[in-house]
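Have a look at the structure below before the remarks.
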Amino acid sequence: MSIKDEIRRLKKSKNAIILAHYYQRPEIQEIADYVGDSLGLSQKAAETKADIIVFAGVHFMAETAKILNPKKKVILPDLNAGCSLADSCPPDIFEKFVEQHPHHTVITYVNCNAEVKAISDIVCTSSNALKIVESVDKETPIIFAPDKNLGKYIMEKTGRKMLLWDGSCLVHEAISIEKLLNLVSKYPDYKIIAHPESEEHILKTATYIGSTSEMITYVKQNNKEKFIVATEAGILHKMQLEVHNTTLIPAPAKEDNSCACSECSYMKLNTLEKLRDCLLHEIPLIKVPDDISKKALIPIKRMLEISKQ
Ligand code: 13P
Ligand code: SF4
């Protein structure tokens, strides 16, 4: 039996669902029940009737699914699949920062750990950050954490000042502006599209800025164009499936690597073998202490409610 057949069989017999992010390896995206961005994945996790959620993504995503489903088993193929952005916001230091700025509404990007969510007022993702920030009364000061690049982008879009936490995603910050501009001069008919976790100088070169799912929709709607895609390269798999005839180039990374693109080493820790094994043994389990989980659920639910409006 092939490994994919084994996964299908285990999934059915255990009533499990596989949720995968667009940055996952192609073979994992192909076996998943749902592939999406952080918002879509949280929405799916909130509504699933499955008994087990296998999260093919990184730890903060699986943790969010667990907070939404405290009674269900949530498993992550590799427990080391972390996130540099989440790591850039240690809960104890962030808590002191929040205490030093009373009367602020605390909006946290979903790429943070459960303890940080537990001291937040509203969670957001890159597809709803604008809507979430605009849902807060104009007179109320805002702390936005942990991604300073997304925060700056939202400040520019809304014209609203926010207090930014100094965090960032190493993968998006590894995109090389020099190599990107060289690519544009070599291929002047290509348009750049970028994820808002990218640095300001990258975003300035982009014709379109959006979350992973928004970038895919944009490419679908403009399928006569050619694109340089400034985000983690895993997204090209789904994009290329949606638009067979469109030519796509991943944005180049500062360091030369095997794919000449930007790859998230955390996302790539998950493999088909690990996915099969975690379904088989139902480990590693995602655990969130009860008190943290209850507190973190409030800002996550607020986000889901505002997103529906
Ligand atoms: P989205 O898929 O929500 O755009 O998030 C990108 C990301 O960096 C996830 O780690
Ligand atoms: Fe975290 Fe960046 Fe990897 Fe997304 S791409 S999981 S933000 S390190």
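In this text the structure is predicted, and so the values were computed from the model without any measurement. Each ligand, and each atom within it, is numbered from 1 in the order the structure gives.
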I need the atoms of ligand 2 closer than 4.0 Å to a non-hydrogen atom of Cys264, numbered in the order shown.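 Every atom of ligand 2 under 4.0 Å from some heavy atom of Cys264: 3 (Fe), 5 (S), 6 (S), 8 (S).
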Taking only heavy atoms of Asn111 into account, list the atoms of ligand 2 that are under 4.0 Å away from them. 7 (S)
Protein contact of [atom] - nearest heavy atom, named by residue and atom, plus distance:
| atom | result |
| --- | --- |
| atom 3 (O) of ligand 1 | Ser38 OG, 2.9 Å |
| atom 8 (S) of ligand 2 | Ser84 OG, 3.3 Å |
| atom 1 (Fe) of ligand 2 | Cys83 SG, 2.4 Å |
| atom 8 (O) of ligand 1 | Glu197 OE2, 2.9 Å |

With heavy atoms of [X] as the reference, note each atom of ligand 1 found under 4.0 Å away.
| X | value |
| --- | --- |
| Met61 | 9 (C), 10 (O) |
| Asn111 | 8 (O), 9 (C), 10 (O) |
| Ser211 | 4 (O) |

Tyr34 six-ring face occupied by Lys44 cation (under 6.0 Å, within 45°):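 Checked: cation-pi criterion met.
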Using side-chain hydrogen bond (donor to acceptor under 3.5 Å, both in side chains), reason through Tyr109 and Glu197 one step at a time and then give a plain yes or no. CA-CA 11 Å; Tyr109 190 36; Glu197 282 176 28; 2.6 Å; yes
Any Ser126 heavy atom less than 4.0 Å from ligand 1: yes
Do any heavy atoms of Met215 fall under 4.0 Å from ligand 1?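 Judged by the 4.0 Å heavy-atom criterion, Met215 does not count as contacting ligand 1.
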Measure the acute angle between the ring planes of Trp165 and Phe94, then classify it against the limits of 30° and 60° as parallel, tilted or perpendicular.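 Taking Phe94 first and then Trp165, their aromatic rings stand perpendicular (interplane angle over 60°).
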What do you reckon, is CD of Glu156 surrounded by more than 12 foreign heavy atoms closer than 6.0 Å?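 At most 12 heavy atoms, drawn from other residues, nucleotides or ligands, come within 6.0 Å of this atom.
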For Lys157, I'd like to know if atom NZ has over 12 heavy atoms of other residues, nucleotides or ligands within 6.0 Å. no
Look at ligand 2 and say whether Glu197 reaches it with a heavy atom at a distance under 4.0 Å.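 Within the 4.0 Å threshold, so yes.
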For atom 3 (Fe) of ligand 2, does an N/O/S atom of Cys169 lie at less than 2.8 Å?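 So Cys169 does not count as coordinating atom 3 (Fe) of ligand 2.
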Ionic contact status for [Y] with [X], cut-off 4.0 Å:
| X | Y | result |
| --- | --- | --- |
| Arg160 | Glu134 | no |
| Lys294 | Asp290 | yes |
| Lys4 | Glu30 | yes |
| Glu232 | Lys268 | yes |
| Asp189 | Lys226 | yes |

Should the proximity of [X] to ligand 1, defined as any heavy atom under 4.0 Å, be assigned to the side chain, the backbone, both, or neither?
| X | result |
| --- | --- |
| Tyr22 | neither |
| His21 | side chain |
| Leu85 | neither |

Distance-only N or O hit between ligand 1 and Asp37, under 3.5 Å: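 No; every N/O pair is 3.5 Å or more apart.
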Examine His195 against ligand 1 and note whether any of their N/O atoms are separated by less than 3.5 Å. yes
Applying salt bridge (charged side-chain N to carboxylate O under 4.0 Å, His left out) to Asp5 and Arg8, what does each step give before you reach the verdict? CA-CA 5 Å; Asp5 284 339; Arg8 283 190 200 99; 2.8 Å; yes
